[in-house]
Amino acid sequence: MRHIGWIAGAAAAALVAAGAITYAVAEDTGPTTKAPTADSADAGFARDMAVHHQQAVEMSYIVRDRTRNEEVRRLAYDIAQTQANQRGMLLGWLDLWGLPKVSADPPMTWMGMGDMASGEDGALMPGMATDTELRKLNTLQGKQAEILYLQMMTDHHRGGIHMAEGCVAKCTVGVEKKLAQGMVDAQQSEIELMATMLKERGAKPRD
């Protein structure tokens, strides 16, 4: 029950952000502009990144309950807030375009990489943690939890950057491309921060 208020706050912020960005997309895809199709890169990125972001939020909730270190808790809070907001934007666009939030195609199909991720043990896309890793994170405390979280989130960000770069190259909606580039820049900065935090704990990112 400790993080119910935090979850509610993240959800409320996501709704506000989604409303603002949906308005921006409505302007970007106005009455004279054709909305993206279900098999477009714009729709594929929105669907896949919404799933990818949800796991980052989940991981961050877990570690905040497994450590008292304020630096890690603050990073986890920032990641959860940011990615919950962005997830709301992505799902809002799909609603605006009248497109489904799920697809029969494998994840990453919009990048021509539908056969890349095996989906084994819950890892549906590049960088995603497995169900086994999430269960392990839930059993750790303190420094051990911090290290595993930082390693998992580094992998997660690397996969997210790869996907966001795909949208920058392939998406056609200007505001979505701008958001994707912002993800690349912010997550690369966080990867560098997490490498420093891991070094301070006698650890390093996984290869």
(Q) Go through it in stages, so that I can follow the logic: the residues are Gln188 and His157, the test is side-chain contact (heavy atoms from CB on, under 4.5 Å), and I'd like the CA-CA distance, side-chain angles, deciding distance and then a yes or no. (A) CA-CA 7 Å; Gln188 184 58 53; His157 274 15; over 6 Å; no

Q: Identify the heavy atoms of Glu176 and Cys167 that sit nearest to each other, and give their distance.
A: CG-SG, 3.9 Å

Q. Considering all heavy atoms of both residues, which atom of Lys170 and which atom of Ala41 are nearest to each other, and what is their separation?
A. CB-CB, 3.6 Å

Q. Can you check whether Val184's main-chain N or O pairs, donor with acceptor, with Glu165's side chain at less than 3.5 Å?
A. no

(Q) Which heavy atom of Arg47 sits nearest to which heavy atom of Ser103, and what is that distance? (A) NE-CB, 3.5 Å

Q. Do Val51 and Trp93 belong together in a cluster built from hydrophobic side chains that touch within less than 4.5 Å?
A. yes

Q: Apply side-chain contact (heavy atoms from CB on, under 4.5 Å) to Met59 and Arg64, showing your working.
A: CA-CA 9 Å; Met59 288 163 54; Arg64 278 179 60 89; over 6 Å; no

Q. Does Asp39 reach the side chain of Trp110, with side-chain heavy atoms less than 4.5 Å apart?
A. no

Q: Kindly indicate whether the side chain of His52, heavy atoms from C-beta on, has any atom under 4.5 Å from the side chain of Arg87.
A: no

Q. Would Asn69 and Arg201 count as a side chain to side chain donor-acceptor pair (under 3.5 Å) if you check the C-alpha gap in whole Å, the side-chain angles of each, and the deciding distance to 0.1 Å?
A. CA-CA 12 Å; Asn69 181 271; Arg201 290 161 175 80; 3.3 Å; yes

(Q) Membership question, hydrophobic clusters at under 4.5 Å side-chain separation (ILVMFWY): are Leu96 and Met49 in the same one? (A) yes

Q: Evaluate whether atom CD of Gln151 has more than 12 neighbouring non-hydrogen atoms of other residues, nucleotides or ligands under 6.0 angstrom away.
A: yes

Q | Candidate pair Arg73 and Glu70, rule salt bridge (Lys or Arg N to Asp or Glu O under 4.0 Å), full reasoning | A | CA-CA 5 Å; Arg73 287 171 58 83; Glu70 285 304 316; 3.7 Å; yes

Q. Only one of Val57, Asn138, Leu140 forms a side chain to side chain contact (heavy atoms under 4.5 Å, CB included) with Ile62, so which one is it?
A. Asn138

Q | CA sep, side-chain torsions, deciding dist, call: Asp95, Lys101, salt bridge (Lys or Arg N to Asp or Glu O under 4.0 Å) | A | CA-CA 8 Å; Asp95 282 339; Lys101 296 182 178 67; 2.4 Å; yes

Q | Straight-line distance of Asp48 CG to Met128 CE, nearest 0.5 Å | A | 9.5 Å

Q | Note, Thr154 side chain near Arg206 side chain (heavy atom, < 4.5 Å) | A | no

(Q) Please give me the minimum heavy-atom distance between Leu99 and Ala43, naming the atom from each residue. (A) CD1-CB, 3.7 Å

Q. Do Gln181 and Asp185 have side-chain N/O donor and acceptor atoms under 3.5 Å apart?
A. yes

Q: Using a 4.5 Å cut-off on heavy atoms from C-beta on, say whether the side chain of Met113 contacts that of Pro106.
A: no

Q. Are Ile79 and Leu198 connected, step by step, through hydrophobic side chains (Ile, Leu, Val, Met, Phe, Trp, Tyr) whose heavy atoms are closer than 4.5 Å?
A. yes

Q. Hey, what do you get for OG1 (Thr139) to CZ (Arg66), rounding to the nearest 0.5 Å?
A. 7.0 Å

**Q.** Inter-residue atom distance Lys34.NZ - Ser40.OG, 0.5 Å rounding
**A.** 11.0 Å

Q: For side chain to side chain donor-acceptor pair (under 3.5 Å), just list the numbers for Tyr149 and Ser60, CA-CA rounded to whole Å, side-chain angles, deciding distance to a tenth of an Å, and then say yes or no.
A: CA-CA 8 Å; Tyr149 170 76; Ser60 297; 2.8 Å; yes

Q. Roughly how far apart are Ser189 OG and Met194 CE, rounded to 0.5 Å?
A. 9.5 Å

Q: Measure from the side-chain N and O atoms of Asp42 to the backbone N and O of Thr172, and report whether any donor-acceptor pair falls under 3.5 Å.
A: yes

Q) Does a side-chain heavy-atom distance below 4.5 Å link Leu124 with Met108? A) no

Q) Measuring from Gln86:CD to Leu91:CG, what's the distance to the nearest 0.5 Å? A) 12.0 Å

**Q.** N/O donor-acceptor pair under 3.5 Å between Thr82 side chain and Asp78 backbone
**A.** yes

Q.
Could you check whether any side-chain heavy atom of Met183 comes within less than 4.5 Å of a side-chain heavy atom of His53, counting everything from C-beta outward?
A. yes

Q: Taking the side chain as every heavy atom from C-beta outward, state whether Met111 and His162 have any pair of such atoms under 4.5 Å apart.
A: yes

(Q) Ignoring hydrogens, what is the shortest heavy-atom contact between Met152 and Leu134? Give both atom names and the distance. (A) CE-CD2, 3.8 Å

**Q.** Over all atoms of both residues, closest heavy-atom pair of Thr130 and Ala123
**A.** CG2-CB, 4.1 Å

Q. Say you draw a straight line from CE of Met153 to CD of Gln55; how long is it, rounded to the nearest 0.5 Å?
A. 8.5 Å

(Q) In the structure I gave you, are the side-chain heavy atoms of Glu133 and Leu137 within less than 4.5 Å of one another anywhere? (A) no

Q | ILVMFWY network linking Ile161 to Val168, side-chain heavy atoms under 4.5 angstrom | A | no

Q | Chi angles and distances behind the side-chain contact (heavy atoms from CB on, under 4.5 Å) call for Val173, Trp97 | A | CA-CA 11 Å; Val173 177; Trp97 298 330; 3.8 Å; yes

